[in-house]
Amino acid sequence: MEITVPHPWPGTPAEAEAIQNELRGRVEASGSVAPRTVAGLDVSYAGDGGGARTRVAAAAVVLDAATLDVVEESVAVGMSDFPYVPGLFAFRELPTLVEALRGLSATPGLLVCDGYGLAHPRRFGLACHVGIITGLPTIGIAKTAFVGAHEPPGPARGDQAPLLLDGVEVGRVLRTQDGVKPVFVSVGHRVGLDEACRLALALAPRYRLPETTRRADRLSRDRLAAA
DNA sequence: GCGACAG
DNA sequence: ATCTTGTCGC
């Protein structure tokens with residue numbers, strides 16, 4: 001797919017925060033989508049995943065939204081510029097992730113990111129960055145808590161609890177399977193939170209994590225091991 | 001002031 | 001994220 005919108009790039013952590021504060025005004029936190037295809041994004045690291053310069057592999061796997069069958073795969077290898085800093089996580093994965101997206105022949109109807117969107121210290125996590133760059137609807141699905149407070153959701157698949165930050169609902173804690181640890185869903189761009197949760201649940205018919213994330217995780221990991 | 005902190 | 005052994009359960 002074509003990605004032509006330039007993304008400002010920081011030279012320091014302070015600049016990175018400033019960029020997020022500026023770009024967050026462009027996020028559209030509502031909308032309803034019925035994508036025909038959904039792409040999962042993930043990045044794997046070699047060696048110390050926290051270091052400033054480490055080899056990475058980014059994967060974009062497109063699934064048929066109805067059957068969850070794999071439609072297309074794309075992988076890119078690169079080098080991260082930033083060390084891992086909570087809150088500035090996007091700057092670590094974005095360049096290689098964009099390369100992987102460019103390798104796709106068709107534009108997906110939705111992008112699912114491994115991490116957070118609006119549930120972020122500056123309300124602009126990885127899923128928001130990806131949404132603004134591509135202009136596509138995006139959601140973030142994270143495996144562990146980051147910001148906000150929440151009550152534990154009910155024990156059954158589909159049970160949810162609001163994720164609150166300063167009294168505002170910035171995401172939702174969603175149980176994707178009976179009795180498993182819940183995932184954290186937040187809006188990235190052009191999708192409402194209810195819709196994001198509905199999509200997350202549909203993408204995870206059997207396991208805790210959505211098929212999009214599972215496929216992208218495996219592909220990026222395999223690519224890293226191969227090189 | 002001290003700890004916690006997506007991947 | 002990545003490094004790793006054994007172990008519980010379908």
Side-chain angles (χ1 to χ4, degrees), chain A residues 13 16-17 19-20 23-24 27 40-61 75-100 111-132 138-150 157 163-166 170-174 176-189 193 196 200 205-210 212-227:
Chain A
E17 293 190 9
I19 287 171
Q20 293 180 328
L23 293 182
R24 71 176 164 188
V27 171
L41 309 177
D42 194 24
V43 177
S44 290
Y45 301 80
D48 177 17
R53 280 188 70 77
T54 57
R55 207 161 57 82
V56 302
V61 179
V75 212
V77 292
M79 215 71 162
S80 67
D81 298 48
F82 269 67
Y84 169 66
V85 179
L88 301 181
F89 172 57
F91 296 99
R92 189 161 172 65
E93 305 203 332
L94 225 32
T96 316
L97 225 32
V98 167
E99 282 313 302
L111 302 180
V112 179
C113 299
D114 195 16
Y116 286 90
L118 293 176
H120 175 276
R122 286 169 295 285
R123 311 291 297 278
F124 200 80
L126 175 64
C128 297
H129 279 272
V130 174
I132 295 306
T138 64
I139 65 176
I141 299 180
K143 299 179 285 295
T144 62
F146 183 33
V147 293
H150 67 87
R157 165 176 161 86
L163 180 61
L164 303 173
L165 185 58
D166 298 323
V170 293
R172 208 161 284 161
V173 186
L174 172 69
T176 55
Q177 298 296 327
D178 293 352
V180 304
K181 187 168 167 258
V183 298
F184 299 77
V185 179
S186 56
V187 169
H189 188 45
L193 184 54
R206 169 133 199 229
Y207 300 103
R208 177 190 176 227
L209 297 180
T212 39
T213 298
R214 288 166 45 80
R215 294 281 189 176
D217 177 74
R218 188 198 299 182
L219 179 57
S220 63
R221 197 182 311 248
D222 289 350
R223 181 64 184 80
L224 202 55

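Labels below follow one simple rule: chain letters A, B, ... track the order of the sequence lines, proteins then strands, and each chain is numbered from 1.
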Note to self: Holding to side-chain contact (heavy atoms from CB on, under 4.5 Å), I want the full list of residues that pass it with A:A142, two or more places apart in sequence or in another chain.
What the structure shows: A:Y116, A:F184
Item checked: Shortest non-hydrogen contact between A:V75 and A:S220, atoms and distance -> CG1-CA, 4.5 Å
Next item on the list: Represent DNA chain C in dot-bracket notation, 5' to 3'. Only Watson-Crick or G-U wobble pairs with both distances under 3.5 Å count; pseudoknot-style crossings use [ ] and interstrand partners use |.
Entry: ..........
Check: Reading DNA chain B 5' to 3', how would its secondary structure be written in dot-bracket notation, given Watson-Crick and G-U pairs with both distances under 3.5 Å, brackets [ ] for crossing pairs and | for partners on other strands?
Finding: .......
Item checked: Counterpart residues, salt bridge (charged side-chain N to carboxylate O under 4.0 Å, His left out), relative to A:R221 (two or more places apart) -> A:D217
Next item on the list: May I have the step-by-step check of side chain to side chain contact (heavy atoms under 4.5 Å, CB included) for A:L193 and A:I139, ending in yes or no?
Entry: CA-CA 9 Å; A:L193 184 54; A:I139 65 176; over 6 Å; no
Margin query: Per the salt bridge (charged side-chain N to carboxylate O under 4.0 Å, His left out) rule, what does the pair list look like for residues 113-122 of chain A, sequence neighbours excluded?
Written below: A:E17-A:R122, A:D114-A:K143
Note to self: List the residues meeting side-chain contact (heavy atoms from CB on, under 4.5 Å) with A:R55, not counting sequence neighbours, and say none if there are none.
What the structure shows: A:A46, A:M79, A:L224, A:A227
Next item on the list: Between protein and nucleotides 4-10 of chain C, map the contacts as a letter string: B base, S sugar-phosphate only, - none, heavy atoms under 4.0 Å, written 5' to 3'.
Entry: -------
Checklist line | Expected output: side-chain A:S186 to main-chain A:G171 donor-acceptor under 3.5 Å | finding: no
Check: With sequence neighbours left out, which residue pairs that include part of residues 78-100 of chain A fulfil the salt bridge (charged side-chain N to carboxylate O under 4.0 Å, His left out) condition?
Finding: A:E99-A:R102
Note to self: Please enumerate all residues that pass side-chain contact (heavy atoms from CB on, under 4.5 Å) together with A:P86, with sequence neighbours excluded.
What the structure shows: A:Y84, A:F146
Next item on the list: Would you indicate what A:S44 reaches in the nucleic acid, counting non-hydrogen atoms under 4.0 angstrom: base, sugar-phosphate, or nothing?
Entry: sugar-phosphate
Next item on the list: Could you list the residues that satisfy side-chain contact (heavy atoms from CB on, under 4.5 Å) with A:A127, not counting sequence neighbours?
Entry: A:C113, A:T138
Next item on the list: Quick one, give me the B/S/- string for nucleotides 2-7 of chain B, reading 5' to 3', where B means a protein heavy atom under 4.0 Å from the base and S means that only happens at the primed atoms, P, OP1 or OP2.
Entry: ---SBB
Check: How close do A:T96 and A:G78 get, heavy atom to heavy atom, and via which atoms?
Finding: CG2-N, 3.9 Å
Next item on the list: Identify, with sequence neighbours excluded, every residue that meets ring pair (Phe, Tyr, Trp, His ring centres under 6.0 Å) alongside A:H120.
Entry: none
Checklist line | Minimum heavy-atom distance between A:V43 and A:A58, given as atom pair plus value | finding: CG2-CB, 3.9 Å
Note to self: Using whole Å, what does the distance between atom P of nucleotide C:dA1 and atom CG of A:L224 come to?
What the structure shows: 13 Å
